[in-house]
Structure formats: C-alpha cells, structure tokens
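Let me begin by presenting the structure, written as structure tokens, before commenting on it.
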Amino acid sequence: MSRRSEPSAPLSPLPSITPRGYGGTMWLEGRALVLGQKGLRRRIPVEAVEEARVVGRGRRSVEIALWGVDGSPGPVFTLDGRDAAQAARFVEVANGARSESGPPQGGAALVEERPVSTSGRKKGLGLTRRERAVGIVLLLV
C-alpha cells in the first residue's frame, strides 16, 4: 500500500451522524470522527482511518481501523452500538471520506486524546451522586 496521503473526497465537513453505544458515543465533527468512551475523548482525523466497518451481533457496532506503520496493522477502536441503521450510515460516510493511502507516521500519531471531565460532577445542578443523596436525606429528615 502506498503511504501518500491523498483525500478521496473533497475537504468539506462530514454530515452529522451520531451512533450511540453502550458506554460511549461516536460522532462526525468537521473532517474527523470523535469517539467519547470511558471518560476519554478521541478525535480521529479521517486521514488516519484505513477502514470503518460494521461488526457485532445485529451489525450495530462500529470499528474504526487506523493506518499502521511499515505494513503493520494500526489500532482499532470499537463502539458497541445500539442502532444498525446508524452504524451502517456512519461507516458509509467515514469510508467515503477517508484517504486511499495512509500517512507515513501511521494513523495513531494523528489521534488527539483528552479526558472528558476531571471534576467528577454530572450535568444538571452540578452535584455529584453523593451530594444529591445527602440533599435528599436532609429534605426527608
């Protein structure tokens, strides 16, 4: 396989598709796939993607295989999905936007990772579970 990075599609933003899974979510943002899972958010540029595929029971899950280095396979990220139609559409768009050849440094070098939140607080009132439970107990007393 050639290692030149040539986009096979124009550099326009990808459509909005968000397959939700058990323990995570994946969405398209600009020219990247974003995977939020286990407190970590990975931004994967389409240039890093060798192949996207639908897998698993019911064909509801999505696998994103990144380009490797020197012929070795790259990392694979999986979202255990809930909706087969969303998974199929996501894979179709991701494969249509990806490059036919990978970057020389491999796809993993292009992935940005960052923690989703370090505060431990949830949406809503900004209270942790324990703080909400204490508040409920105080109201009942």
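Because only heavy atoms are used, hydrogens play no part in the values below, and waters and symmetry mates are left out as well, while side chains stay in.
Residue Leu139 belongs to no hydrophobic cluster, having no ILVMFWY side-chain heavy atom closer than 4.5 Å to its own.
Residues meeting the side chain to side chain donor-acceptor pair (under 3.5 Å) test with Glu51, sequence neighbours left out: Arg53. The side chain to side chain donor-acceptor pair (under 3.5 Å) search around Gln105 returns none, not counting sequence neighbours.
No chain of hydrophobic side-chain contacts below 4.5 Å, direct or via other Ile, Leu, Val, Met, Phe, Trp or Tyr residues, connects Val46 to Leu110.
Side-chain atoms of Arg41 never come within 3.5 Å of backbone atoms of Gly36 as a donor-acceptor pair (strictly under, hydrogens ignored).
Between Phe90 and Asp83, the closest side-chain pair of non-hydrogen atoms is not below 4.5 Å. Inter-residue side-chain proximity for Phe77 and Leu66 is flagged as met; some heavy-atom pair is nearer than 4.5 Å. A 4.5 Å side-chain heavy-atom check between Val62 and Thr78 finds every atom pair outside the cut-off. Side-chain contact between Arg60 and Arg82 is absent, with no heavy-atom pair separated by less than 4.5 Å.
Closest approach of Arg98 and Trp67 over heavy atoms only: NH1-CZ2, 4.5 Å. Residues Ala94 and Leu33 come closest through the heavy atom pair CB-CD2, 3.8 Å. Shortest non-hydrogen contact noted between Gly81 and Ser61 is N-OG, 3.3 Å. Nearest heavy atom pair, residue Ala52 against residue Ile64, reads CB-CD1, 3.7 Å.
Note that the CZ atom of Arg43 and the CG atom of Leu35 stand 13.5 Å from one another [nearest 0.5 Å]. Put simply, CG on Leu28 and CD1 on Ile44 are 10.5 Å apart, with the number rounded to the nearest 0.5 Å.
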